[in-house]
Amino acid sequence: MGPALADDELGRYHQHRLQAAYRASSPALSETILLTSFQGTAAAGDPLAVDRYLAEHHPGIERVWGVADHATAVPAGARAVLIGSRSWYDTAAGSRYVVANTDLGGWFEAKPGQRSLQTFRGHPFKAMGTDLWRSQGANPGEVRLWAARAREEWSQILLADPASADHYRAQFGYAGPTLVAGYPRTDALVNADAAAVRGEVLQRLGIDPASTVVLYAPTERDAAASEAYAAGPGPDLDLAALTEALGDDHVVLVRVPRTWRRPSLRAIRAGAAVDVSGVPDVTELLLAADAAVLDYGSLRFDWAITGKPAVFYVPDRDAYLGARAPLFDFDSSAPGPQVATAAAVAAALADLETLRASYADALGAFNQRFNTANDGRATERVVAALLNPGAR
C-alpha cells in the first residue's frame, strides 16, 4: 500500500507536474519551518531537537513535518503534511525555514530568502558520494549528475567538526556554506538527567532497573539482502549465545536498521532481549544502556559522548571496509575492543569498569577529535544561525 495521495498526486506524471509547479512558484515566505527526517518515517534526530527548541523558545514559528504516511507521529503542536502531496510542495515553497536529515529530492531548490539546513543522519565515516557511486559501478556521467543533484539541494550543511567539511567538498564538489555547531540531537546526551531517562525507558520496556542493559545496534550492510527489509539482525551475531553468556542480570536491547527485517527473539530466554528497533528516538536508548555493542555505524560518535564503554562486533571487518572504504581510519575511531564472536562480546562486557578504564584514553582522544562541538548547546547555536544568519 502506498501513501494516501489524491488521484492527481499519484504517479510519476502528477509528481512531475507538482514539482514543475513548485519550481515555477515564488510565494511570499511565511514564518513556518518544514522539518523531515528519515524520509518522513519518523520525527527524530536533529530535526526533532530543533522542533522541541522552537516550540519552547519561538512558539510563533509554525512547525510542519513531512511524513511518509499518517502513521508517523509528529511532536505536539506540529502539523503533518504527506510527502508528495500538493500541500507538501506548497509548504516547501512557502516556508522560511527548512531542516532535513535526508535529501528531499532533486526537485528541491531553496527559494530566495529561504533558509535550508541539511543536518544529515550522523557523523560521516562510510564512503559516500563520488567514491560510493564509483564503487557501485556508476559511470562518470552518472556520478557527476548525482553529485550535482545532491549539492544543489543543500543551502547549508551542519557539521560537528571542521574536518567533515572536507569530505563533503571532496565527495560531492560542495562549495556552499557550512555550519560547524554540533548536532542538536546530542544535547540530551549532555544535558538530560540520565538516571531519570534510564528509569523511564526501562519501566516502559518492562525491564528491571537493577539489570545491566546492553544496546546492540549494528549498521546496515549494503549487500546484506537482495531486497528491502529482507536482511536479518546483524552479521551472524548469536544473540541466544550472547544472552546466555551474559546471564540473568543482563538485558540486551536489539536495534536493527530500518531496512532490515525486525529480529526474531523466540529462541532467546524470555526477558533476556528486547527488540527496540521501532523506538523513534535512539537518544533515549543511549541514555538507558550501560554498555553498547556497535560496529562501523555513525551511532558510535553519539555513544562516545555518554562516556560509557563499547565493544565493536566486527567479524566482517575486512570485507566491509574493503567493499565500502571509509573516509578515515576505522581503528582510531573505534574506542573499544574489536571482536568477532558472541563469546568474545560477552567476555569484554563481563567487567564494565575494567573495560571503561582500559579505553578511557582512547575515548578521550576520540571525543576531542570529533565531539567538542557536541557540548549540550548545539541546538541553541543551530537555531540562532537559522533564524539570524548574519549574527555572530
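Keep in mind that the numbers below use all heavy atoms, side chains included, and drop hydrogens, waters and symmetry copies. Since the structure is predicted, the reported quantities are computational estimates derived from the model, not experimental observations.
Listed for the R115 side chain is a donor-acceptor partner under 3.5 Å among the backbone atoms of L386. Put simply, the side chain of T186 never gets that close to the backbone of L189: no donor and acceptor are under 3.5 Å apart. Within the 3.5 Å criterion, the main-chain N or O of N139 finds no donor-acceptor partner in the side chain of R144. In terms of modelled atom types and a separation under 3.5 Å, the side chain of S37 and the main chain of A44 share a donor-acceptor contact. A side-chain donor-acceptor contact under 3.5 Å links N191 to the backbone of G376. The backbone N or O of S25 lies less than 3.5 Å from a partner atom in the side chain of K111, making a donor-acceptor pair. Side-chain atoms of S277 come within 3.5 Å of backbone N or O of V256 as a donor-acceptor pair. With hydrogens and angles ignored, the 3.5 Å screen pairs a side-chain donor or acceptor of Q114 with a backbone N or O of S95. Panel note: side chain R269, backbone A240; no donor-acceptor pair is recorded below 3.5 Å.
Residues L285 and I207 fall within the same hydrophobic cluster, defined by Ile, Leu, Val, Met, Phe, Trp and Tyr side chains chained together at heavy-atom separations under 4.5 Å. Connection of L387 to L158 is established within a shared hydrophobic cluster, with ILVMFWY side chains joined at heavy-atom distances below 4.5 Å, either directly or through further cluster members. Both L352 and Y216 are members of a single hydrophobic cluster when ILVMFWY side chains are connected at heavy-atom separations under 4.5 Å. Side-chain heavy atoms closer than 4.5 Å link hydrophobic residues (I, L, V, M, F, W, Y) into clusters, and following such links, even through other members, never connects L363 to V190. L299 and L287 fall within the same hydrophobic cluster, where Ile, Leu, Val, Met, Phe, Trp and Tyr residues are linked whenever their side-chain heavy atoms come under 4.5 Å apart, directly or through other members.
Ring centers of Y296 and Y313: at least 6.0 Å apart, outside the cut-off. Y174 has its ring centre no less than 6.0 Å from the ring centre of Y168. The ring of F120 has its center no closer than 6.0 angstrom to the ring center of Y183. Ring centroids of W154 and F172 are separated by less than 6.0 Å, placing the two rings close together.
Here the closest heavy-atom approach between residue A43 and residue P75 is recorded as CB-CD, 3.9 Å. Considering all non-hydrogen atoms of both residues, A342 and A241 come closest at CB-CB, 4.3 Å. Of all heavy-atom pairs between H14 and L10, the closest is CD2-O, 3.1 Å. A pairwise comparison of heavy atoms in A273 and T243 identifies CB-CG2, 4.4 Å as the closest pair. Shortest non-hydrogen contact noted between A138 and W146 is CB-CZ3, 3.5 Å.
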Check: Are T41 and V67 close enough, and set up right, to give a side-chain contact (heavy atoms from CB on, under 4.5 Å), and what steps lead you there?
Finding: CA-CA 6 Å; T41 59; V67 298; over 6 Å; no

Notebook entry, point to check: Can D131 and Q171 be said to form a side-chain contact (heavy atoms from CB on, under 4.5 Å), step by step?
Noted result: CA-CA 7 Å; D131 284 353; Q171 297 298 315; 3.0 Å; yes

Note to self: Under the criterion side-chain contact (heavy atoms from CB on, under 4.5 Å), I'd like the reasoning laid out for E31 against E62: C-alpha separation, chi angles, the key distance, then a yes or no.
What the structure shows: CA-CA 6 Å; E31 288 303 301; E62 182 186 17; over 6 Å; no

Notebook entry, point to check: What do the steps show when you test L349 against V311 for side-chain contact (heavy atoms from CB on, under 4.5 Å), and what is the final call?
Noted result: CA-CA 8 Å; L349 295 173; V311 177; 3.6 Å; yes

Item checked: Verdict with supporting geometry, N371 and H123, side-chain hydrogen bond (donor to acceptor under 3.5 Å, both in side chains) -> CA-CA 10 Å; N371 281 326; H123 195 288; over 6 Å; no

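Because its NZ or CZ atom is both nearer than 6.0 Å to the ring centre of F125 and within 45° of the ring axis, R300 counts as a cation-pi partner of that residue.
Going from atom CG of L82 over to atom CH2 of W65 covers 15.5 Å, rounded to the nearest 0.5 Å. Going from atom CG of D46 over to atom CZ of R185 covers 4.5 Å, rounded to the nearest 0.5 Å. Atom CD of E109 sits about 11.0 Å away from atom CD of Q19, to the nearest 0.5 Å. Atoms NE2 and OG, on H250 and S211 in that order, are 9.0 Å from each other to the nearest 0.5 Å. Separating the CZ atom in R169 from the CZ atom in R151 is a distance of 12.0 Å, to the nearest 0.5 Å. Going from atom NZ of K126 over to atom CZ of R324 covers 5.5 Å, rounded to the nearest 0.5 Å.
In summary, D8 and R86 engage in a salt bridge, as defined by a charged side-chain N under 4.0 Å from a carboxylate O. Using a 4.0 Å cut-off between charged nitrogen and carboxylate oxygen, R204 and E284 count as a salt-bridge pair. Ion pairing between E56 and R52 fails under the 4.0 Å rule for side-chain N and carboxylate O. Between R356 and D351, none of the side-chain N atoms (NZ, or NE/NH1/NH2) sits under 4.0 Å from a carboxylate O, so this pair counts as no salt bridge. The residues R381 and D375 are annotated as salt-bridged, a charged nitrogen and a carboxylate oxygen being separated by less than 4.0 angstrom.
Residues F330 and Q338 meet the side-chain proximity criterion, which asks for heavy atoms closer than 4.5 Å. In this structure, the side chains of F108 and V98 come closer than 4.5 Å at one or more pairs of heavy atoms. You'll find the side chain of R149 stays beyond 4.5 Å of the side chain of E153, heavy atoms only. A 4.5 Å side-chain heavy-atom check between Q156 and T178 finds every atom pair outside the cut-off. A 4.5 Å side-chain heavy-atom check between E380 and Y53 finds at least one atom pair inside the cut-off. Considering only heavy atoms from C-beta on, D290 stays 4.5 Å or farther from V214 through its side chain. A 4.5 Å side-chain heavy-atom check between V252 and V213 finds every atom pair outside the cut-off. Taking the side chain as every heavy atom from C-beta outward, R121 and T102 approach each other to under 4.5 Å.
Counting only residues at least two apart or on different chains, the ring pair (Phe, Tyr, Trp, His ring centres under 6.0 Å) pairs with a member in residues 19-51 are Y22-W107.
Residues D161 and S164 bring a donor and an acceptor atom of their side chains to less than 3.5 Å of each other. Residues D187 and T379 have side chains that bring a donor and an acceptor to within less than 3.5 angstrom of each other. Between T32 and S30, the side chains place a donor N or O and an acceptor N or O closer than 3.5 Å (distance only, hydrogens not considered). Side-chain atoms of S332 and R369 form a donor-acceptor pair, as typed in the model, at a separation below 3.5 Å.
Annotation for R317: atom CZ counts as buried by contact number, over 12 foreign heavy atoms lying within 6.0 Å. Within 6.0 Å of atom CG in D361, 12 or fewer heavy atoms from other residues, nucleotides or ligands are found, so the atom counts as exposed in its surroundings. Around atom CG of D331, more than 12 heavy atoms belonging to other residues, nucleotides or ligands sit under 6.0 Å away. Remark: H16 NE2 is loosely packed, at most 12 non-hydrogen atoms of other residues, nucleotides or ligands lying under 6.0 Å away.
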